[in-house]
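One structure below.
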Amino acid sequence: MSTSTIPDIGYRHYEGRRNGRAYVLRSLYVHNLRAAFGLGRPARAKIMPFVLAGIMMLPAAGSVAVFTVTDEADALIPYAAYANIMQVIVAIFLATQAPVLASREVRFHVIPLYFSRPVGHLDFVLAKSAALVTALFALMASPVTLLYVGGLVSKAPDPGRQLLEYLGGLVGCLLFALVLAAIGMVVAAFTPRRGFGVAAVIAVYMISTTFVGIVQGIAEVRTNFALQGWIGLAAPFNLVDIVQVRLLGAESSSAGIAPGVTGGVVALAVCAAIVIGSVAVLYRRFRKAGLS
């Protein structure tokens, strides 16, 4: 009888350092954050995020320039209102970059490769979501910081109040980033093709904003200011603005704001529900994709 042999072709056990789960999670986060700005990708992938980032900086730079010349404090755009004023640019950034982070692996069926490593489904979701949150926060916080620094250099009045308003503006930027990233990731994760993902995110933004605007206009005509304020919970930018106005003491930059501290608490609870709910939905989505 012939016998089989197993030849020794030189394979050896790995004896080096094992970085573990935390290293994988950090690597996923950094990789996705770089991808959000097109870094490590072809030149055409960098055009949209950096052009939008440049557009976001222009009003802040112009505001500081006007304040330097006129010395009028009203020339500086309020920190808390900046993201709301530039919401179209923020929405375009979200629509173009959320599919990059959420749908590429689903489209090319490579998610099972990630889960063959020491990384869990929740780690995968948190790394991607945190990367998009960071990218959006950087997009909105950078011009707000330029406003603050420019105001200080140009000797804006009451530096203490300016610092408090700036910090409140950063908290608002973080809330905007959390809510928008949660919505964008969920929508993009269910539209594997990037073009459809971009259109779907834009559609969600436009439909919610238009619907809220129409209802608020009708409510104002009928002097139903309670409805005008509460319906703002249905639009992401108006939702976060309610939190800024009622809980952080910012000036309103929306057509209608839910009344009192109660309105702010309810709006904050809705923000938390959106973020937590998105993590749960993405967990199930990527877990299912990881089995295919």
Side-chain angles (χ1 to χ4, degrees), residues 37 47-94 133-180 205 209 212-213 216-217 220 225 228-229 232 235-261 263-264 267-268 271:
F37 289 101
I47 295 175
M48 183 62 74
F50 280 98
V51 166
L52 293 175
I55 294 174
M56 282 291 292
M57 298 295 287
L58 289 178
S63 179
V64 172
V66 171
F67 173 73
T68 302
V69 173
T70 63
D71 202 29
E72 293 288 339
D74 292 341
L76 288 175
I77 301 173
Y79 307 121
Y82 199 90
N84 213 350
I85 293 172
M86 301 295 292
Q87 63 177 271
V88 173
I89 304 301
V90 177
I92 294 174
F93 182 91
L94 176 67
V133 168
T134 303
L136 285 168
F137 178 77
L139 181 76
M140 293 179 281
S142 296
V144 171
T145 301
L146 176 61
L147 280 172
Y148 175 66
V149 174
L152 287 184
V153 173
S154 304
K155 302 186 184 303
D158 198 352
R161 182 176 62 84
Q162 293 289 335
L163 176 59
L164 290 176
E165 292 181 355
Y166 168 65
L167 294 177
L170 290 185
V171 173
C173 289
L174 179 59
L175 281 173
F176 276 117
L178 286 167
V179 172
L180 293 174
Y205 162 72
T209 303
V212 168
Q216 286 182 332
E220 184 176 7
F225 299 112
Q228 184 187 28
F237 285 92
N238 204 318
L239 170 66
V240 176
D241 196 41
I242 294 173
V243 178
Q244 291 187 119
V245 173
R246 297 307 183 192
L247 300 183
L248 299 178
E251 295 182 5
S252 174
S253 56
S254 300
I257 298 295
V261 176
L268 184 60
C271 291

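For the numbers below, each heavy atom of this structure counts, side chains included, while hydrogens, waters and symmetry mates do not. In this chain, residues are counted from 1 in sequence order.
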Show me, pair by pair, the donor-acceptor contacts under 3.5 angstrom made by side chains of residues 134-142, not counting sequence neighbours?
unit_1	atom_1	unit_2	atom_2	d
Thr134	OG1	Tyr29	OH	2.8
Thr134	OG1	Ala130	O	2.8
Ser142	OG	Ala138	O	2.7

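Side-chain N or O atoms of Thr68 include one that pairs as donor or acceptor with a backbone N or O of Val64 at under 3.5 Å.
With rounding to the nearest 0.5 Å, the separation of CG in Leu94 from CG in Leu180 is 6.0 Å. Note that CD1 of Ile92 is 11.0 Å distant from CD of Gln87, once rounded to the nearest 0.5 Å. Rounding to the nearest 0.5 Å places CD of Gln228 at 5.0 Å from CD of Glu220. Atom-to-atom distance recorded for Glu251:CD and Tyr79:OH is 12.0 Å, nearest 0.5 angstrom. Residue Asn238 holds its CG atom at 7.5 Å from OG of Ser252, rounded to the nearest 0.5 Å. The distance from atom CG of Leu163 to atom CG of Leu152, rounded to the nearest 0.5 Å, is 8.0 Å.
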Please step through side-chain contact (heavy atoms from CB on, under 4.5 Å) for the pair Cys271 and Leu178, ending with a clear verdict.
-> CA-CA 8 Å; Cys271 291; Leu178 286 167; over 6 Å; no

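For Gly263 against Ile242, the heavy-atom pair with the smallest separation is O-CG2, 3.6 Å. Closest heavy-atom contact between Phe176 and Gln244: CE1-NE2, 3.7 Å.
In the model, Glu165 has no side-chain atom that pairs as donor or acceptor with a side-chain atom of Tyr148 under 3.5 Å.
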